[in-house]
Amino acid sequence: MKKVYRLRKNEQFHTVRSKGRSWANRWLVLCALPNDLPYSRFGFTVSRRVGSAVVRNRARRLLREAVRLRRETIAPGWDLVFVARAPMKEAAFHEVDRAVEQLLRRARLLLPDPDDEESQERVKKDEE
RNA sequence: CAAGCAGGCCGGGCGGUCGCGCCCUGAGCAUCCUCAGGGUGAGGAAAGUCCGGACUCCGCAGAGCACGGUGCUGGCUAACGGCCAGGCGGGGCGACCCGACGGAUAGGGCCACAGAAACAUACCGCCUGAAUCAUUUCAGGUAAGGGUGAAAAGGUGGUGUAAGAGACCACCGGCGGGGCUGGUGACAGUCCCGGCCAGGCAACCCCCACCGGGAGCAAGGCCAAGCAGGAGGGAGCGCCUGCGGGCGCAGGGAGCUGCUCGUGCCCUUUGACCUCCGGGUAGGCCGCAUGAGGCGCACGGUAACGUGCGUCCCAGAUAGAUGACCGCCACCCCAUCCAGGGGGACAGAAUCCGGCUUACAGGCCUGCUUGGGUG
RNA sequence: GCCCCCAUCGUCUAGAGGCCUAGGACACCGCCCUUUCAAGGCGGCGACAGGGAUUCGAAUUCCCUUGGGGGCA
């Protein structure tokens with residue numbers, strides 16, 4: 001993921017964490033805040049509570065990869081911060097991927113998939 | 001073959017599809033954005049931050065004190081609390097391993113409880129004398145035996161004695177002093193003398209020798225929005241007033257793409273605006289990777305290591321790059337008749353190096369020891 | 001990243017080599033007191049972060065590990 005699509009400054013992280021909305025599941029916390037840009041930006045936080053340096057690096061890389069592969073389907077114009085929780089240290093890639101998808105779906109930040117009738121119907125309902 | 005000891009090394013390999021950091025080249029006005037091509041991208045401990053340096057800033061005439069560290073000897077090194085070699089002590093049948101290993105007659109302090117006594121003595125004893133019908137008591141001698149304790153003035157045999165005792169003698173062991181021999185030295189060997197004058201703790205203070213100025217790359221340097229600060233320039237009259245200010249005319253200023261018009265806004269001595277100055281926050285850049293560098297060969301040295309020649313360039317991020325998915329092979333485990341199933345330790349660069357310490361699945365190589373077997 | 005500090009019952013703490021089988025307060029449990037509760041009294045439960053070293057002897061001294069906390073732009 002290129003640098004422009006990432007959150008870079010401590011201040012940006014604080015803004016999103018304090019002013020944005022948040023969703024959580026067993027592995028992750030997602031915070032989101034509109035950013036008035038034509039694209040979305042992402043940040044990843046793994047604290048020392050999760051584990052050693054090796055564990056934290058791996059967690060962050062898995063998260064970044066999961067988000068990279070889904071970037072086309074994520075709504076533009078948001079700053080998103082993913083915070084890893086303790087169970088992340090044992091998670092495999094597909095579990096991380098599923099956790100990311102679940103949170104994005106709950107936050108309604110996924111673009112409507114042409115093949116997915118359910119989500120299209122939901123968008124229609126929102127428009128009504 | 002089994003058990004073990006020492007030293008060195010590895011820490012899966014190849015390929016495909018997506019993706020990331022840095023460097024170089026080219027193109028798009030472009031160190032910064034985009035695209036294309038090429039190169040490169042975690043460790044033996046990158047870890048703990050326990051030592052030592054380099055580097056940077058601060059301090060500094062010199063010396064001493066304080067404080068901290070190290071502590072057998074010689075060497076290596078930029079330096080070290082590291083390494084090599086040797087000595088001594090201890091452990092192991094052995095290969096080998098382990099050792100904070102200076103000083104306790106420079107001084108101070110401590111040694112609980114127990115025990116008579118913890119560094120100087122006598123509780124039970126033993127012996128002599130006196131008193132006493134006797135039990136026993138008193139005075140003196142003694143340190144062999146008993147008991148206490150972690151620790152109590154060397155061991156064996158004899159002479160000696162009232163009983164004993166290094167009181168004396170022989171041998172052994174230890175201590176102190178001196179000489180000789182070997183060794184750079186620690187030390188070893190040997191001879192003579194002394195007198196058994198006799199504990200332990202210096203990871204208690206201390207003494208001796210040697211070493212150390214303080215902080216740390218978030219060091220430090222450069223550029224520098226904004227907000228304040230300083231210097232200079234800077235355009236006025238009238239009316240009203242409840243003295244805060246307001247209104248009119250005139251003028252000035254910055255802005256609205258360059259000019260004009262127009263339009264609001266701000267200001268005219270409690271100063272709009274313009275110019276300059278120093279310090280410096282956010283932020284950015286440098287520091288930042290060619291180095292006490294790696295590899296190979298030769299020479300010197302028992303070795304650590306050094307010297308010379310050749311050759312190579314080998315991470316550099318800043319919410320922090322080395323990831324995801326898959327195939328084949330190798331390895332290990334389960335099942336072993338096949339099919340098959342499962343697994344991959346400890347751990348992630350952050351200024352850089354030399355060490356130490358701690359963690360670690362599994363595997364490879366070399367030398368050596370002990371025991372057994374076979375030829 | 002660099003540099004410091006701390007660790008004792010459930011909680012807050014005392015302790016400076018032997019007097020420690022570790023003391024105190026609050027909390028908890030039981031009994032007494034009270035019609036009952038609180039307060040009070042008596043008794044009980046309960047800890048030296050882990051490992052090694054020095055020492056006759058370690059909560060205390062030294063080393064390593066683990067876990068907390070703080071400072072530096």
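All values reported here derive from a predicted model rather than from experimental measurement. Throughout, a chain's letter reflects where its sequence line sits, starting with A, and its residues are numbered from 1.
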Specify the separation, in whole Å, of atom [atom1] of [X] and atom [atom2] of [N].
X        : N        : atom1 : atom2 : result
Tyr5(A)  : rU34(B)  : OH    : P     : 8 Å
Asn57(A) : rA315(B) : CG    : C1'   : 15 Å
Arg56(A) : rA350(B) : CZ    : C1'   : 14 Å
Arg41(A) : rA319(B) : CZ    : C1'   : 13 Å
Arg6(A)  : rG19(B)  : CZ    : C1'   : 12 Å
Arg60(A) : rC20(B)  : CZ    : P     : 17 Å
Glu72(A) : rC18(B)  : CD    : P     : 15 Å
Lys89(A) : rG348(B) : NZ    : C1'   : 18 Å

Can [N] be described as syn, meaning its chi torsion is within 90° of 0, or is it anti?
N       : value
rG81(B) : anti
rG44(B) : syn
rC29(B) : syn
rA30(B) : anti
rC5(B)  : anti

Please give the nucleotide sitting opposite [N] as a Watson-Crick or G-U wobble pair, both distances under 3.5 Å, or none.
N        : answer
rA36(B)  : rU25(B)
rC297(B) : rG308(B)
rC18(B)  : rG323(B)
rU128(B) : rA139(B)
rA188(B) : rU181(B)
rA3(B)   : rU369(B)
rG94(B)  : none
rC20(C)  : none

Using atom [atom1] of each nucleotide, how far apart are [N] and [M] to the nearest Å?
N        : M        : atom1 : result
rU358(B) : rG372(B) : C1'   : 41 Å
rG7(B)   : rA85(B)  : P     : 11 Å
rU40(B)  : rA315(B) : C1'   : 8 Å
rG189(B) : rG174(B) : P     : 10 Å
rC193(B) : rA100(B) : P     : 41 Å
rA219(B) : rG108(B) : C1'   : 46 Å
rG12(B)  : rA47(B)  : C1'   : 24 Å
rA63(B)  : rC175(B) : C1'   : 43 Å

*Between Val55(A) and His14(A), which has a closest nucleotide on RNA chain B that is more 5'?*
His14(A)

Would you say the side-chain atoms of [X] pair up with the backbone N or O of [Y], donor to acceptor, closer than 3.5 Å?
X         : Y        : result
Ser22(A)  : Arg17(A) : no
Arg71(A)  : Ser40(A) : no
Arg21(A)  : Ala32(A) : no
Arg106(A) : Ala24(A) : yes

Within-4.5 Å side-chain heavy-atom neighbours: [X] and [Y]:
X         : Y        : answer
Leu104(A) : Thr73(A) : no
Arg70(A)  : Asp97(A) : yes
Leu80(A)  : Val67(A) : no
Gln12(A)  : Asp79(A) : no
Arg56(A)  : Arg48(A) : yes

*Phosphate OP1/OP2 of rU322(B): any Arg64(A) side-chain N/O under 4.0 Å*: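 For rU322(B), OP1/OP2 do have a side-chain N/O of Arg64(A) under 4.0 Å.
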
*Give a yes/no on whether any side-chain N or O of Arg71(A) is located under 4.0 angstrom from OP1 or OP2 of rG19(B).*
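No, outside the criterion.
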
Output one line per pair: protein atom, nucleotide atom from nucleotides 345-347 of chain B, and distance, for all N/O pairs under 3.5 Å.
none

*Verify same cluster id: Tyr5(A), Leu37(A) (apolar side-chain graph, 4.5 Å)*: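 Yes, because Tyr5(A) and Leu37(A) connect within a single hydrophobic cluster, where side-chain heavy atoms sit under 4.5 Å apart.
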
*Which atom of Phe82(A) lies closest to which atom of Phe42(A), heavy atoms considered*: CE1-CD2, 4.1 Å

_Under 4.0 Å between a side-chain nitrogen and a carboxylate oxygen: does that hold for Glu65(A) and Arg68(A)?_
yes

Below 3.5 Å is the cut-off: list the nitrogen or oxygen pairs between protein and nucleotides 324-327 of chain B, distance only.
from     : atom 1 : to       : atom 2 : distance (Å)
rA324(B) : OP1    : Arg58(A) : NH1    : 2.3
rA324(B) : OP1    : Arg58(A) : NH2    : 3.3

